[in-house]
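Each remark here refers to the structure printed beneath this line.
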Amino acid sequence: MSRSRYYSVRMRASANGKHISGAEGLCKKEDIKGILHEYAARALSHERGKPDAVRISIDKIVLPVKGISSLPLCTVRTLNTASARKTACDILRSSGISAKAIDAAFSLITEREPSAGAFILDTGGKILLNEPGVRVTKIGITENASSVLKEKLSLIGINNQRVKEALILASKVKRRKEVVAELCVSDDPGYTTGYVTADGFGYVRIPHIKRRSFAFGGRVFFVNVKDISGLLEYLKNQPVMISRISECRGVLPPRDLMNSKL
Ligand code: PML
């Protein structure tokens, strides 16, 4: 893809040093103003509280931008927290993640103050990157892919910014071979759908992964390498644009999901 046409815009809002919200994206010069407006509004009206500091940065992209496909998406039919957690565990276990690593991941993201970045664990449960974690940046979507995604998400009733941004981020992360899977639980008290990504499953949305009003959450990347320096460099610095959209399926019962690996 082309060089230098894009800018990376990042926002981070905090209160007393604690994470409130964040956002990042790649955009063209003419769209920067609109994005700044949107990110500022988001920072100042977040469910997690009023920030006392909002940092917004704009950086011109100098590296060539890599075009990638989005992960295939679906939603699994989970009706309560127990079945949501079980489904997340089933996907992760069938992808080679140990029970110890899954327990550690849920503890990291649901038992402590949310961190601005993602934790990294190996598949055995060893923490390779602790707080503040890694923030995945320099991610975006082409205009054409964005309108295809809008159409596909509209057909299944989930065309909203949150799903779109989470799918873009997860697609960049899972692109790296050493990333075996990702677990995400939203830290917004009012948002109870999380997701897991893994080979053969894509991006699986999991409703009721946490109880409403619960203000903890975060992301964990499970990897199969000891040295994560190359991965960190990629996540933070490689500009990536979603340029092709994969299949977006509607709601599947857990059994169908486990029996219909892609
Ligand atoms: C967040 O932005 O709070 C994380 C979103 C996770 C799930 C998004 C979705 O519904 O697919």
Side-chain angles (χ1 to χ4, degrees), residues 9-14 18-25 35 38-39 41-43 45-49 51 70-79 81 84-85 87-88 91-92 105-106 108-110 113-119 133-137 139-141 146 149-150 152-174 181-198 201-221 235 242 245-252 254 257:
V9 185
R10 304 172 57 194
M11 178 277 284
R12 178 162 182 226
S14 58
K18 289 183 181 167
H19 170 71
I20 296 280
S21 68
E24 37 264 307
I35 298 275
E38 185 194 318
Y39 284 3
R42 213 190 277 195
S45 63
H46 202 274
E47 249 197 299
R48 292 180 53 76
S70 64
L71 288 168
L73 170 148
C74 71
T75 302
V76 65
R77 181 176 297 129
T78 47
L79 301 176
T81 310
R85 294 268 175 116
T87 303
I91 299 170
L92 293 168
F106 272 110
L108 284 169
I109 60 178
T110 62
E113 198 58 48
S115 179
F119 296 96
V134 57
R135 266 191 83 180
V136 182
T137 59
I139 43 178
I141 183 163
S146 182
L149 182 59
K150 181 177 170 189
K152 291 193 175 185
L153 293 181
S154 297
L155 282 174
I156 51 174
I158 52 168
N159 178 39
N160 64 66
Q161 200 59 16
R162 189 191 297 263
V163 173
K164 194 170 137 180
E165 287 181 3
L167 177 66
I168 293 170
L169 185 149
S171 300
K172 175 175 179 181
V173 174
K174 190 64 196 74
E182 176 184 348
L183 167 68
C184 170
V185 174
S186 175
D187 57 18
D188 281 10
Y191 199 77
T192 58
T193 298
Y195 70 82
V196 166
T197 68
F201 291 97
Y203 175 100
V204 182
R205 306 179 62 246
I206 307 180
H208 308 294
I209 199 152
K210 70 171 195 180
R211 287 188 313 279
R212 191 164 294 280
S213 309
F214 191 69
F216 291 177
R219 287 181 162 88
V220 175
F221 305 151
L235 296 173
I242 304 297
I245 302 299
S246 303
E247 187 186 16
C248 295
R249 293 185 289 175
V251 181
L252 298 175
L257 174 79

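All values derive from a computational prediction rather than experimental measurement. We count ligands from 1, going down the list as the structure has it; atoms in each ligand are counted the same way.
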Quick check for you: to the nearest 0.5 Å, what is the distance between [X] atom [atom1] and [Y] atom [atom2]?
X      : Y      : atom1 : atom2 : result
Thr87  : Leu257 : OG1   : CG    : 7.5 Å
Leu71  : Lys172 : CG    : NZ    : 14.0 Å
Arg48  : Asp187 : CZ    : CG    : 4.5 Å
Ile209 : Thr78  : CD1   : OG1   : 7.5 Å

Contact atoms of ligand 1, heavy-atom distance to Tyr203 under 4.0 Å
7 (C), 8 (C), 9 (C), 11 (O)

Polar-atom distance check: [X] versus ligand 1, any N or O pair below 3.5 Å?
X      : value
Arg205 : yes
Asp188 : no
Tyr191 : yes
Arg162 : yes

Do any heavy atoms of Thr193 fall under 4.0 Å from ligand 1?
yes

For atom 3 (O) of ligand 1, what is the closest protein heavy atom, and at what distance to 0.1 Å?
Ser186 OG, 2.6 Å

Looking at Phe119, does the NZ or CZ of Arg219 lie under 6.0 angstrom from its six-membered ring centre and within 45 degrees of the ring axis?
no

Carboxylate-amine/guanidinium contact Lys174 Glu182, below 4.0 Å:
no

